[in-house]
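Remarks on the structure that follows.
Lettering follows sequence order; numbering is per chain, from 1.
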Amino acid sequence: MTLKWWAYNEPSGSFTAAADRCTKASNGRYRIDFNPLGNDPDTQRQSLVRRLAAKDSSIDMMSMDVIWTAEFAEADWIKAWPKKYADQVKQGTLEGPLKTATYNGKLYAAPANSNTQLLWYRKDLVKNPPKTWNDMIDQALKLKQAGTIEIQGAQYEGTTVWFNSLIQSAGGNILAAPDKAGLEPAPTQKALQVMKRLATSKAADPSLENQKEDQNRLAFEQGDAAFQVNYPFIYPSAKAGNPKVFKQIGWTVYPRVDPDKKARPPIGGFNWGVGAYTKHPTEAFEAASCLRNEENQRGFALDGGLPPTLSKLYDDPKFVKQYPFADEIRTSLKNAAVRPETPLYADVSLAIYKTVSPPGAIGNVKAMAKTLQDRVKLALQSKGLL
Amino acid sequence: MSAAAESVAAREGKDEAKAPKPRLTERARADRKLGWMLCAPAVIVMLAVTAYPILYAVYLSLLRADLRFPGQREFIGLSNYGTVLSSKLWWADVLHTTVIAGVSVALELVIGMGLALLLHRVVVGRGLVRTSALIPYGIVTVVAAFAWRLAFSGSEGGFVPKALGIADPLTSTWQTYLVVIFAEVWKTTPFMALLLLAGLALVNDDLLEAAKVDGASAWQRFWRITVPLMKPAILVALLFRALDAFRIFDSVYIIGQNGTNPKIETVSVLGYNQLLNRLNLGLGSAVSVLVFIMVIAIAVLFVKGLGTSPAAGGDE
Amino acid sequence: MSGRKDVPKWVALNTVVLIAALFPVFWILMLSLKTPADVLDGRLIPSKFSFDNYTTIFEQNVFTKALINSLGIAVIATLIAIVLAAMAAYAIARLDFPGKGLILGAALAIAMFPPISIVGPLFNMWRSLNLFDTWPGLIIPYLTFALPLAIYVMSAFFREIPWELEQAAQVDGATPAVAFRKVMLPLAAPAVFTTAILVFIFCWNDFVFAVSLTSTSRAQTVPAAISQFPGASQFQSPVGSIAAAAVIVTIPIVIIVLIFQRRIVAGLTSGAVKG
């Protein structure tokens, strides 16, 4: 039989390679057919949700962005994992990624690859990498050239990611419970204050309010910035694109908000889910489990640059050689700030990024914190046009 | 839609005025039956796919129906309408839609009239001009929208920002408006020109010659003879284009929602986002029904208020 | 008549129209011929020409399948629309029956319908009927919205046809069938043909329905596919591919318009402008 796997087409081909490996491993019982989805998560989600709502049985396995778990689970679009396969998956998997695949205490997907942001900086311009956001801004302001911090500030998911990490680093939370708004005044205001200070200072990139990950990468790669808060994809890109700058790239973990509270870095990545209307659930679970096993995750990491979710791979010498920051990634994933787990995540995120972006317009931090809380409350009631 | 409307329906009027009271001969009865039978398939398809869904949309709009919460359907009356009508986003979008529609149609009228005059009178290279005027009509709207977006986008290799030395226009709301309007006007002016051309072709040349002999200037001839005689055609063209412009989707979706910053949304795009991205069928249907009502309102306004008669035309 | 001395004026005006109409097409063509590395360089004319973007889009199945979908769906919808509309137009042009005006009025009303108002219900209905992401799922709405256009254009044309010729042929001894085939069909052909072109352009062009009622290469048409083109990586935009796809999809239209411009103009002005 054929199992259809829907995922974005990872450019290095590591996904299709995994599909082939797992087909062979099934010893003839099934064949995994790779079907590409669009490249950005929004397009992928659009495509998947409509078909799942249409009870499409041709979706056996699918790649799910970490923030879709709650939504898909609540809508009965994916199956919960039976104990046998769930236990397999949980073994050796890092905490952060595992959390993103869980909803209501059940495992709904198998973490396949993860992602987090590090603080990248120019070793020739910065002698002591900063530990907190305020430190970083202070340092940037003192620099005579390239005194800029690159971070995502456009009205899109990436800015919610930033805000979420800030508020969790400050000890707060966007949601107190899947259906209750958190956003207590103190941590919220601290988070907003960081965003506001950065955005209104000379250390901000002039296009901050329109920047996404790729714009940040480009600016840093071209040598226009001293700091960058971004995903590891910037590293191989700089290696190929600007060897001079590449040689000067240093890295450290995500900046803290409070000097004594550990930072809670962002966590992204993809999990493999099993479609609720599949005609071959047992084989689908088996295949999905295989598609993220050690061998395949090694392939994703070495060929595709996607950080693994299995802890032991971070000690693999080949991986460490290509990604000298492997340990920082692992630590980050251990402390990661998982984004709010609610089926209404899309609405909550929209409410947040439409409010806090452009960060230069945040204004009175107290008032803004209250506005944010109100809007998230509305979003949780599924009210309001967004 | 074209001036076909005018000529066909106008001739209907004439026919019916001439025909005597039906005596319903064998022939007439057979004709009737045949007529209905021939029309039936087309009518059935048209009604089934529009009437039923719009009624279904009204029904859905009265429910709390969100496909992400399949277990939670309930009748909530007009609550969805309340949400929509009290939402700032809705009214902002109505404004966006009206501005874009209004400005586009105005520009199309003026430029279209010029183009119609050219197509009517051109002596040299008629075929060439016609072809080039028709190409915007034939091009896939999405393609045209992309061409305009990619030309103006600072982040996607557009040559305009570089050539004019300005910052990325697509990050500023009013500039994105302009780009959307340019794209719309470019795309549909030919159609408008053709609608007007049909009306132009019916303006009697002799009248114009006589006026010329009497010493009227080209400008005077245009405003005193051509335009008044074209008034019905102009109104029909305006009606069709206004309704069309109000439903605008493609260009706004491609240009105004380019992902970096969704800057512009019209009511149709809003409906789409609610229905197909948020899968909130209740709210989305409420938006759809409201859009439907507004379109009808515009049509009524034109027909009753301005005396546009899709059934009358330059024929009289 | 505006004499020969005015030729430079006409040439000038024509040139303006030409440039205005064709410039965006020229731009997208130039964009598509840039090398993938240069695609974001902001120049009008590429510094280096290359066909890389074209090879890329054909390597990925997505575009090829989308072309097939667009073509198949548009052709089928056009054929069915022509048949249904021809019947109705014939009746309207030749026969006398009550309700004619009503039908034309209804057709007009439907042409003005905002598609977004039925997209939601259609999506829901297609979901249950298993028509989501299928060819029929698109063909049906296309039919519905193409029929008014087709009926109007064809009935306008049919009104111009001298039907007496058919009777004359029969009087001359031809059977009704032969009369129809040898006399009527050739006279009706231009009308049908022109209408087919207009309907095809309409279907080829549609975006709203395509993007709402399809989601995979099973039925996704080109406009929808272009708007969702994958880029080189998760974070990069597919400008080169979009441009190349845009050009490919425009070529048939340009050819059609070039060859049939007279017919198209005649059709859209319901015969008021013939040549």
Main chain of [Y], side chain of [X]: is a donor-acceptor contact present, judged purely on distance under 3.5 Å?
| X | Y | result |
| --- | --- | --- |
| C/N14 | B/V129 | no |
| C/W27 | B/A147 | yes |
| B/W36 | C/P98 | yes |

Sort out for me which of [options] touches chain C most, counting heavy-atom pairs under 4.5 Å.
| options | value |
| --- | --- |
| B/A151, B/A40, B/G114 | B/A151 |
| B/L275, B/L290, B/L150, B/I296 | B/L150 |
| B/L243, B/L134, B/V160 | B/L134 |
| B/L118, B/L60, B/V43 | B/L118 |
| B/P41, B/A145, B/A299 | B/P41 |

Can you tell me which portion of [X] sits under 4.5 Å from chain B's heavy atoms? Options are side chain, backbone, both or neither.
| X | value |
| --- | --- |
| C/V247 | neither |
| C/I28 | side chain |
| C/L18 | both |
| C/L258 | both |
| C/F26 | neither |
| C/I151 | side chain |
| C/I226 | both |
| C/L44 | both |
| C/T250 | side chain |
| C/I253 | side chain |
| C/A245 | neither |

(request) Please say whether more than 12 non-hydrogen atoms of neighbouring residues, nucleotides or ligands are located less than 6.0 Å from OH in B/Y59. (result)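 No.
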(message) Nearest 0.5 Å, please: how far is CD1 in C/I110 from CG in B/L47?
(response)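 So the gap between those two atoms works out to 5.5 Å.
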(request) Output the distance between atom CG (C/L84) and atom CG (B/L38), rounded to the nearest 0.5 Å. (result)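 It is 11.0 Å, given to the nearest 0.5 Å.
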Using a 3.5 Å cut-off and no angle test, enumerate the donor-acceptor pairs between side-chain atoms of residues 117-124 of chain C and protein atoms at least two apart in sequence or in another chain.
unit_1: C/S117; atom_1: OG; unit_2: B/S288; atom_2: O; d: 2.9
unit_1: C/N124; atom_1: OD1; unit_2: C/R127; atom_2: NE; d: 3.0
unit_1: C/N124; atom_1: OD1; unit_2: C/R127; atom_2: NH2; d: 3.1
unit_1: C/N124; atom_1: ND2; unit_2: B/Y56; atom_2: OH; d: 2.9

(request) Find out whether C/I201 and B/Y137 are in side-chain contact, i.e. whether some heavy atom of one side chain is under 4.5 Å from a heavy atom of the other. (result)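 Contact flag for C/I201/B/Y137 side chains = yes.
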(message) Any non-hydrogen side-chain atom of B/F159 less than 4.5 Å from a side-chain atom of C/L31?
(response) no
Identify the heavy atoms of [X] and [Y] that sit nearest to each other, and give their distance.
| X | Y | value |
| --- | --- | --- |
| C/I92 | B/C39 | CG1-SG, 4.3 Å |
| C/A20 | B/W186 | O-NE1, 2.7 Å |
| C/I116 | B/G271 | CD1-C, 4.2 Å |
| C/P114 | B/R247 | CA-CD, 3.3 Å |

Top contributor to chain B contacts, counting heavy-atom pairs under 4.5 Å, from [options]:
| options | answer |
| --- | --- |
| C/S212, C/A89, C/S227 | C/S212 |
| C/M125, C/Q261, C/K34 | C/Q261 |
| C/V249, C/V254, C/I259, C/I242 | C/I242 |
| C/A86, C/A81, C/A88 | C/A88 |
| C/L22, C/T15, C/V83, C/V25 | C/L22 |

Where does [X] contact chain C at under 4.5 Å (heavy atoms): side chain, backbone, both or neither?
| X | result |
| --- | --- |
| B/L281 | side chain |
| B/L194 | both |
| B/F246 | neither |
| B/V45 | both |
| B/L276 | side chain |
| B/I293 | neither |
| B/L115 | side chain |
| B/V49 | both |

(message) Check the orientation of B/F292 and C/F113. Use parallel for under 30°, tilted for 30 to 60°, and perpendicular for over 60°.
(response) tilted
(request) Take the angle between the ring planes of B/F249 and C/F207 and call it parallel below 30°, perpendicular above 60°, tilted in between. (result)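 Rings of B/F249 and C/F207: tilted, as their planes differ by 30° to 60°.
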Do any side-chain atoms of residues 138-150 of chain C form donor-acceptor pairs under 3.5 angstrom with protein atoms, and if so which ones, sequence neighbours left out?
unit_1: C/Y142; atom_1: OH; unit_2: C/D206; atom_2: OD2; d: 2.6
unit_1: C/T144; atom_1: OG1; unit_2: C/I140; atom_2: O; d: 2.9

